[in-house]
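Nothing here was measured: the structure is a model prediction, and the numbers come from that model.
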Amino acid sequence: MSGIKDAAANVPAPVLINLRRPLIVATALAVVGIVVAVIFGHMVMGILFAIGLGMGLYNARLLQKQVVKVISSENPTKRQITGSSVQRLGVLTLLALAMGYFLRPDGLGVFFGLAVFQLVFMAHTIVPVLKERRNQ
């Protein structure tokens, strides 16, 4: 699986662990979400929205740790990455579904938070690439 190691060698280490900007954006969105939810009388939904953002951030951090662990091993395989991803996403999905079901209708806030975090994370990933392409 030298392809995995070759791909990892092209990714600078600071990029793999820099989640500061998504953390700041997610925190700001969580505060705004809670304030808006309180204004509309759904404080629990706002809190669950913030929890969903936090779960998304936690997922991104765990993903990075697991990928670095796998690619730094002697013989990395796709199966190792797949297995760890299925386990991580399974636990987070079960938690989100449980909150969504037992705290309905405000439980939807968790799913909104997870979805918004994915948008934030994608923007955090895409913007530097677009800037680099523009400079070329």
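No chain of hydrophobic side-chain contacts below 4.5 Å, direct or via other Ile, Leu, Val, Met, Phe, Trp or Tyr residues, connects I34 to V25. Under the 4.5 Å side-chain heavy-atom criterion for grouping Ile, Leu, Val, Met, Phe, Trp and Tyr, L95 is connected to V110 within one hydrophobic cluster. Side-chain heavy atoms closer than 4.5 Å link hydrophobic residues (I, L, V, M, F, W, Y) into clusters, and following such links, possibly through other members, connects I47 to L103. Under the 4.5 Å side-chain heavy-atom criterion for ILVMFWY residues, no single connected hydrophobic cluster contains both V35 and V38. Note: the hydrophobic cluster containing M45 also contains L29 (ILVMFWY, side chain heavy atoms under 4.5 Å, direct or indirect links).
Heavy atoms of other residues, nucleotides or ligands lying less than 6.0 angstrom from CD of Q87 number 12 at most.
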Would L53 and F112 count as a side-chain contact (heavy atoms from CB on, under 4.5 Å) if you check the C-alpha gap in whole Å, the side-chain angles of each, and the deciding distance to 0.1 Å? CA-CA 8 Å; L53 287 166; F112 294 144; over 6 Å; no
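Residues that satisfy the ring-ring contact (aromatic ring centres under 6.0 Å, His included) test with F121, not counting sequence neighbours, are F117.
Annotation: side chain of F49 is not in contact with side chain of D106 (no heavy-atom distance under 4.5 Å).
Rounding to the nearest 0.5 angstrom, the gap separating the OG1 atom in T27 from the CG atom in L57 is 7.5 Å. Distance check, rounded to the nearest 0.5 Å: CE of M55 to CE of M99 gives 4.5 Å. Y101 contributes atom OH, which lies 13.5 Å from atom CG of L108 (distance to the nearest 0.5 angstrom). Put simply, CD on Q64 and CG on N18 are 8.5 Å apart, with the number rounded to the nearest 0.5 Å. Taking CG from N75 and CD from Q80, the interatomic distance works out to 8.5 Å, rounded to the nearest 0.5 Å. Taken to the nearest 0.5 Å, the CZ atom of R61 stands 11.5 Å off from the CG atom of L23.
The two residues A50 and A30 make their nearest non-hydrogen contact at CB-CB, 3.6 Å. Between V120 and P22, the shortest heavy-atom contact is CG1-CA, 4.1 Å.
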Kindly list each side-chain donor-acceptor pair under 3.5 angstrom involving residues 129-136, sequence neighbours excluded, with atom names and distances?
unit_1: N135; atom_1: ND2; unit_2: K131; atom_2: O; d: 3.3

